[in-house]
Amino acid sequence: MDLIDDPSAGLNSPEFSVTEISGAIKRVIEGEFGHVRIRGEVGRVSRPRSGHVYLDLKDDKSVISGVIWKGVTARLETQPEEGMEVVATGRVTTFGGQSKYQIVIEDIKPAGMGALMALLEKRKKALAAEGLFDQSRKRPLPYLPDVIGVVTSPSGAVIRDILHRLRDRFPRKVLIWPVAVQGAKCAPEVARAIEGFNALTPGGALPRPDLLIVARGGGSVEDLWGFNEEIVARAAAASQIPLISAVGHETDTTLIDYVSDRRAPTPTAAAELAVPVRHELSAWLDSQEARMRVLLSQGLSRRDQRLRDMARALPRADTLLDGPRQRLDRAAEKLEPALIAGVQRRRVRLADVSGSLRPSTLRQRVGQDRRRLNEIAARLAPALDRLIAARRDRFETRARGFRPAALERDRARKADAFAALVGRLSEAGQRQTRGWRQRIDALDRLRETLSYKATLARGYAVVRGDGEVITGTAAAKKAAMLEIEFADGRVTVGGAGGGGRAAPRKAGKPPEQGSLF
């Protein structure tokens, strides 16, 4: 064996901490890739409560993780969905907590018209599977609504066309809910407008519409995309007020057209579906009135002729009264003998009854009733006395049971039991308080044991330079001033004066070992 061994390979290479090497990799990747645009298919999409969006971008061979911060998510015109082909713009960075790289997305858009159409077809199939397009759930439109709610932009030509057509056909009250009809704000504002109209109280200060019109002029697929969002389709499907969709031109079709109760090819056609033509309705009413008069006149004529025909078949009035008049004459002949016989029968009966009604008989009956009443009165007084005596005995028996001394003893016994309970509760509270205090003291001693101050007391020192902890000679040489912390104080080395300045020393036992220097 040689006196001087050759050094092992790599022994003089610097050592990095995990955080240092992770930060170096992060700086290299962010410096190499500033802002990039990545095209791929959206894979897994996660939306935690924080509001951020985590997703995967993938192709047939690779996958890269992506994150969209909460503030950026609110500004996106298109929200990412799984299976959607997009072009994401952002910066590539690393996440040291999991040793992986990712892209922080600042903007995301569909990768061409084909991606939008594929996403639209996917949403259409999902909503159709839930039954939102079924004809059975569509409500009929009111024939003549009193109030019409319009969801559109207040500054476009659409609202003017609708109001002009309503004024020409049949003027109605119109409530306008202003919304953005394109861009990122379109879908949430349209959904809130539909829900807001449905939340109005019928007959309130602001009347609830009988019919809703969601309207927008023509445009590209991107301009009309807000009406293809799922929240708009679900809001229209959940509306309790019948809804007409009039989005785009006749050839444009959006998801809201499938879930609405009626689809109009243009906003002007929506106004025509909402109300009838007043002049045509007036002419129809006039024609119906004329028909009703003719039919009423014909009906009265037929009934008059039928009445005359039936009257000819009826007998004369004199013939109808001959039979009743003859029966009345016969009854009058029998009435006088019957009255005389009835009076005689009643006179005989009265004579029979009055024979037994003599004054002596009445006086005898009254005397018997008086004697019976006196006997009952004589028995009543002793019965009342016995009843009063029985109730007085029962009252006195109960009164003897309510003795003040017994009540006082019962109260004293319960007061002693209550005081004993209070004492036990107080003692239990004190025991629990002492236990908590002992636990706090033990935790405080543990904190003192784990503090780096205890390490300093064993003779070690902490070296700081320029506000940072120095862990190597290279960093110490670069620092303009060093501050060394011992267990009993701090010492400053270097600086403008070229010397050291010792901080005030604390009284105590000097360290048993030397410092790091």
Side-chain angles (χ1 to χ4, degrees), residues 39-47 53 55 57-58 73 76-87 108-141 151-152 158 179-195 198 212-267 269-270 273:
R39 178 169 182 162
E41 180 183 344
V42 178
R44 173 191 57 85
V45 180
S46 175
R47 300 177 184 271
V53 178
L55 52 86
L57 293 177
K58 62 181 181 179
T73 303
L76 292 179
E77 295 183 1
T78 303
Q79 295 296 325
E81 297 183 12
E82 186 174 353
M84 181 179 179
E85 187 176 1
V86 297
V87 176
I108 190 169
K109 293 182 179 179
M113 188 67 66
L116 286 178
M117 292 297 101
L119 178 60
L120 178 60
E121 189 65 26
K122 178 182 176 182
R123 288 179 180 172
K124 186 189 301 183
K125 290 181 179 179
L127 296 178
E130 296 181 21
L132 299 186
F133 300 166
D134 294 345
Q135 292 295 325
S136 59
R137 56 166 301 279
K138 297 182 182 295
R139 293 171 294 275
L141 303 182
V151 180
T152 188
V158 171
V179 297
V181 292
Q182 70 181 52
K185 297 181 179 179
C186 173
E189 289 187 2
V190 171
R192 285 196 297 268
I194 296 174
E195 294 170 356
N198 279 270
L212 294 183
I213 299 176
V214 180
R216 188 209 186 278
S220 63
V221 175
E222 290 82 359
D223 295 338
L224 303 178
W225 191 254
F227 298 91
N228 287 321
E229 295 292 347
E230 186 175 348
I231 58 172
V232 174
R234 292 192 180 278
S239 175
Q240 299 299 320
I241 305 174
L243 187 143
I244 300 175
S245 63
V247 179
H249 297 304
E250 186 171 0
T251 57
D252 299 324
T253 304
T254 57
L255 281 183
I256 194 175
D257 295 331
Y258 293 99
V259 298
S260 61
D261 298 301
R262 288 287 295 276
R263 177 186 180 269
T266 61
L273 290 175

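We number each residue from 1, following the sequence as shown.
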Where do Glu195 and Ala235 come nearest, in terms of heavy atoms and distance? OE2-CB, 4.3 Å

Drop me the distance from Arg47's CZ to Leu55's CG, to the nearest 0.5 angstrom. 8.5 Å

Let me know which of Ile213, Thr152, Val247 forms a side-chain contact (heavy atoms from CB on, under 4.5 Å) with Val158. Thr152

From NE2 (His249) to OG1 (Thr266), nearest 0.5 Å: 9.5 Å

Can you give me the closest heavy-atom contact between Ala264 and Ala269, atom names plus distance? CB-C, 4.0 Å

Without swapping roles, check the side chain of Arg216 against the backbone of Gly218 for a donor-acceptor pair under 3.5 Å. yes

With a 3.5 Å distance limit and no angle check, can you tell me whether Glu189 reaches the backbone of Val179 through a side-chain donor-acceptor pair? no

May I ask you to test the Val42-Leu57 pair for a side-chain heavy-atom distance under 4.5 Å? yes

State, yes or no, whether a side-chain contact exists between Leu212 and Ser239 at a heavy-atom distance under 4.5 Å. yes

How far does CG of Leu141 sit from CG of Leu243, to the nearest 0.5 angstrom? 9.5 Å

Nearest atoms (heavy-atom pairs only) where Val232 meets Ala187: CG2-O, 3.4 Å

For residues Pro267 and Gly248, report the shortest heavy-atom separation together with the two atoms involved. CD-O, 4.3 Å

Within a radius of less than 6.0 Å around NZ of Lys138, do more than 12 heavy atoms belonging to other residues, nucleotides or ligands occur? yes

Spacing of CD1 belonging to Ile231 relative to CD1 belonging to Ile194, to within rounding of 0.5 Å: 10.0 Å

Within this structure, what is the CZ-OG1 distance for the pair Phe227 and Thr253, rounded to the nearest 0.5 Å? 14.0 Å

Short side-chain to backbone donor-acceptor contact, Glu85 and Arg39, under 3.5 Å: no

Please answer whether the main-chain N or O of Gln240 pairs with a side-chain N or O of Asn198 as donor and acceptor at a distance below 3.5 Å. yes

Please name the pair of heavy atoms, one in Val259 and one in Ala236, separated by the smallest distance, quoted to 0.1 Å. CG2-CB, 3.7 Å

Identify every side-chain donor-acceptor pair in residues 123-132 under 3.5 Å, counting partners at least two apart or on other chains, and give the distances.
from   : atom 1 : to     : atom 2 : distance (Å)
Arg123 : NE     : Glu81  : OE2    : 3.0
Arg123 : NH1    : Asn228 : O      : 3.0
Arg123 : NH1    : Glu229 : OE1    : 3.3
Arg123 : NH2    : Glu81  : OE2    : 2.3
Arg123 : NH2    : Glu229 : OE1    : 3.3
Lys124 : NZ     : Tyr258 : OH     : 3.2
Glu130 : OE1    : Arg234 : NH1    : 2.9
Glu130 : OE1    : Arg234 : NH2    : 3.2
Glu130 : OE2    : Arg234 : NH2    : 2.7

Can you name the closest pair of heavy atoms from Leu273 and Arg262 and give their distance? CD2-NH2, 3.2 Å

Measuring from Lys109:NZ to Leu76:CG, what's the distance to the nearest 0.5 Å? 10.5 Å

Using the test salt bridge (charged side-chain N to carboxylate O under 4.0 Å, His left out), find all partners of Arg139 that sit at least two apart in sequence or belong to another chain. Asp261

